[in-house]
Amino acid sequence: MEQEALTGVIEPKTVAVIGASATPGKIGYSVVQNLVNDGFKGTIYPINPGVDEILGLKAYPSIADVPTNVDAAIITIPAKAVLSVIDDCGKKGVKGIIVITSGFSETGNRELEQELVSKAHANGIRVLGPNIIGVLSNSASFNGSFAPFLPYSGKGALISQSGALLIALDAATYTRRVGFEKLISIGNMADIDFADLIEWLDKDPNTSCISLYIEGFKNGRSFMEVAQKTSKPIVALKAGVSEHGAAAAASHTGSLAGAAKVYGAAFQQSGVIQASDLNNLFDRTLALSLQPPLKGDNLLIITNGGGVGVLATDAAEKYGIPLKFAPKDVQAELKKHMPEFGSAKNPVDLTGQAGYDWYYESLRYAIGHEWVDGVVVLYCETAVTNPLEIAQGLKKAIDEAGAKDKPVTVSFVGGEKSDEGIRWLVENGIPAYTAPDLAVNAMAALREYARSRELISSAPDAEFEVDEKLAREIIKNAREDGRDSLTEIEAKEVFRAYGLPTTTTKLARTADEAVELAKKIGFPVVMKIVSPDILHKSDAGGVKVNIKDEQAAREAYQTILDNAKAYKADANIHGVAVQEMAPWGTEVILGSVNDPTFGPTMMFGLGGIFVEVLKDVTFRVAPVSQNQAKNMLGEIRGAPILRGVRGEAPRDQKALAETISRYSKMILDLRDEISESDANPVLVYEEGKGIKVVDARIILKKK
Ligand code: ADP
Ligand code: MG
């Protein structure tokens, strides 16, 4: 049903243009003109009560007057009139409306937009837009838009949240020679959103790669769910990564989270490849739409010049597929296709004399060899070789090698002749670029795609045993106390309910009680102020560590209270927490925010008091599997510290990964209650010795 409704919008057989105009220059004229000029094979019904004919097509006063049912109505009439045509669309069996008209939520008219969707849904109609350019589909010869022509034909499908950009990119598809089957403008996403279209495109036989220009999702989680299930590569360019992190934050995590990091995490978890800018979006689309994923790390580079070879080697490392030397047998064979002074190691340097034959022979052999997972071919234009000929040699080698699961990308550096070679390659299904860095980056996209698919298809973790009920009780008590944050003691109880190892922590209300508790817990102990009004305890002189005996405990109790009162005279003080002193370990931070788009989101980083300065953190949308958590540990700059540096034993990364995963379950289960939280620091011990949370903070949602 869903699929069929969208087919009505994306590949309709009958189209009504409501607001069709006989006046050139008007959008309602352009849309009819584009449908006609681009050869739409279905039926076009221009709707306009004032004219009889538009561009030779009979016009009708209302959609109610057309003689047949209609799949899609393209709407260009003013916003305030749009609602009045919906019932008639319903009567004509319209499956979806393409609302080009603007003046809805983007200008503050949210209610009008909601009414439009409600009325459409009541008539069984889906809504694309409003505020869009329209839909362009090459295979259906359907240009239902006011972009002047269908894109350069290919297997990409672009969904764009910016209309102006879509028109510009439409033109650029010809100069860049990146082929698209479909361009879809998504506008305000009042109804049909990215997830709907991705689901449809996944089943479209003419699309092999889905490209997205995103400004912001309405519902990040539904996007992730659909993206994860999609069998085709998705490449996304996210714009507007600077505006979002500015929200005032009560926790460390809140101040470190930002759109770039959270969207990045969501893309990674759902197997979406990222693009760094518009050119990169096209470059990556080209590779992902034409080539298979790079299934392993054994990348071979074949070149005729040392310079481009070195540049490509640098790029390979930069983009996460560092080169390895080719095995001996590969080197021995390749040596046959180059002069004595060539190099077969990797990069394979055929030297400047390399022409059709050497390129053909070496590429054909390389693709056929089991060690090789993929090949980047580089060519520097020379006076003695012909780029077009070499391009043809490469194609022949690929066809004859017959290894369809091994990707090849190409870079030709030079002038017009090289450009001609590039064009020929692209037209023949081989992604080719003007610089080695671009060819390697495209190959890296194919590697990222393969890796993300592996991670997504890896077996899910076993369920953890947790005590959600207990956690909710602790939160309820704090709420009944009129608070929207938990004390460290309460937060640790919630953590423990989710199986996070925390230091034993008890509340003392008098110096005598403090001494008793310290004796029970065992010296040395740590003592801290417990006050809902003092979130950063050290700042208030509210933390004393390494308290070794009764006398010191008694003194610490008084000092902590005095300091707290000096810091904030009217602070509500519950007492002083006495806790076991955890041995030294590597300090890390775990934390969470409730992201406006993706909901509960997890942070991990190197922690302690310097976390905001170092900003060495990484994010995932909850839940986080243990495999994902392990990847997080490897992503931070300080990762080597966890692996053990300078003679230190490796840290217990397994325990840490499990804790991250449990923490993520906690924030997901309790997402209606917890707004932000952190465990800072968490002390990480040697392999096998676990971890310990020594400080805990939970901030509740305002209710
Ligand atoms: P703050 O509210 O200032 O963040 P913390 O509870 O994190 O207070 O304590 C400050 C520092 O004291 C921690 O960064 C840690 O180094 C040390 N510390 C706190 N609790 C313990 C403990 N139970 N065992 C060992 N060290 C601790
Ligand atoms: Mg702390």
Side-chain angles (χ1 to χ4, degrees), residues 249-256 483 485-496 500-508 514 517-548 552-553 556-557 559-561 563-564 566-568 571-593 603-614 616-617 638 641 651-652 659 663 676-686 689-699:
S251 68
H252 300 288
T253 315
S255 68
L256 291 162
R483 286 181 280 131
S485 68
L486 302 190
T487 64
E488 179 187 336
I489 297 181
E490 291 164 333
K492 280 180 176 170
E493 282 169 8
V494 173
F495 281 12
R496 267 199 297 276
L500 308 182
T502 66
T503 44
T504 312
T505 306
K506 304 273 185 215
L507 182 67
L517 287 172
K519 283 204 284 195
K520 226 182 265 167
I521 290 166
F523 290 103
V525 293
V526 175
M527 288 167 65
K528 299 180 196 172
I529 189 72
V530 181
S531 161
D533 300 319
I534 301 175
L535 281 180
H536 299 278
K537 302 174 288 286
S538 304
D539 294 352
V543 180
K544 298 278 167 219
V545 300
N546 205 15
I547 297 162
K548 289 191 174 116
Y557 185 89
T559 315
I560 288 172
L561 284 190
N563 286 349
Y567 181 76
K568 205 171 186 195
N572 170 10
I573 293 170
H574 291 194
V576 172
V578 183
Q579 53 186 273
E580 78 181 278
M581 167 106 182
W584 180 87
T586 305
E587 293 195 359
V588 301
I589 178 171
L590 306 185
S592 77
V593 286
M603 182 184 85
F604 160 74
L606 277 192
I609 49 177
F610 300 125
V611 62
E612 268 113 345
V613 182
L614 296 173
D616 191 11
V617 295
I641 296 174
R651 306 283 105 188
D652 198 335
T659 305
Y663 197 120
E676 290 176 39
S677 69
D678 54 53
N680 184 31
V682 177
L683 302 176
V684 187
Y685 301 113
E686 283 176 20
K689 299 206 168 131
I691 62 140
K692 205 70 143 179
V693 177
V694 303
D695 185 21
R697 183 178 359 257
I698 291 179
I699 294 152

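In each ligand, atom 1 is the first atom listed, and ligand 1 is the first ligand listed.
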For this session: Return a yes/no value for K528: is any of its N or O atoms, backbone included, closer than 3.5 angstrom to an N or O of ligand 1?
Result: yes
Seminar exercise, completed: Per-atom filter on ligand 1: closer than 4.0 angstrom to a heavy atom of M581 are 24 (N)
Problem set entry | D695 N/O/S atom closer than 2.8 Å to the Mg ion (ligand 2) | yes
For this session: From the options T502, T503, T487, select the one residue that forms a side chain to side chain donor-acceptor pair (under 3.5 Å) with K492.
Result: T503
Exercise. Mind checking whether A582 has an N or O less than 3.5 Å away from an N or O of ligand 1?
Worked result: yes
Problem set entry | L535 near ligand 1 by a heavy-atom separation under 4.0 Å | yes
Exercise. By number and element, which atoms of ligand 1 are closer than 4.0 Å to a non-hydrogen atom of D695?
Worked result: 1 (P), 2 (O), 4 (O), 5 (P), 6 (O), 7 (O), 8 (O)
For this session: Look at N680 and state whether any of its N, O or S atoms is less than 2.8 Å from the Mg ion (ligand 2).
Result: yes
Problem set entry | Student check: side-chain heavy atoms of I529 and L561 closer than 4.5 Å | yes
Exercise. When you look at NZ of K692, are more than 12 heavy atoms from neighbouring residues, nucleotides or ligands closer to it than 6.0 Å?
Worked result: yes
Exercise. What atoms in ligand 1 come closer than 4.0 Å to a heavy atom of E587?
Worked result: 16 (O)
Exercise. Of all the atoms in ligand 1, which lie at a distance below 4.0 Å from a heavy atom belonging to Q579?
Worked result: 20 (N), 22 (C), 23 (N)
Exercise. Should E580 be listed as contacting ligand 1, given a heavy-atom distance under 4.0 Å as the test?
Worked result: yes
Exercise. With side chains defined as the heavy atoms from C-beta onward, is the minimum distance between E488 and V530 less than 4.5 Å?
Worked result: no
Exercise. Would you say the side chain of S531 lies within less than 4.5 Å of the side chain of K537, judging by non-hydrogen atoms?
Worked result: no
Problem set entry | Qualifying residues under side-chain contact (heavy atoms from CB on, under 4.5 Å), relative to K544, sequence neighbours excluded | I547, A556, T559, I560, N563
Exercise. Hey, are the side chains of L683 and E587 touching, using non-hydrogen atoms and a 4.5 Å cut-off?
Worked result: yes
For this session: Could you tell me if any non-hydrogen atom of N680 lies under 4.0 Å from any atom of ligand 1?
Result: yes
Exercise. If you measure from the Lys or Arg side-chain nitrogens to the Asp or Glu carboxylate oxygens, is any gap between D678 and R697 under 4.0 Å?
Worked result: yes
Seminar exercise, completed: Here the atoms of ligand 1 under 4.0 Å from any heavy atom belonging to P681 are 7 (O), 13 (C), 14 (O), 15 (C)
Exercise. If we only count N/O pairs under 3.5 Å, is R697 in contact with ligand 1?
Worked result: no
Seminar exercise, completed: Note: ligand 1 atoms sitting under 4.0 Å from heavy atoms of H536 are 2 (O)
Exercise. Mind checking what makes ring pair (Phe, Tyr, Trp, His ring centres under 6.0 Å) contact with F495, not counting sequence neighbours?
Worked result: Y663
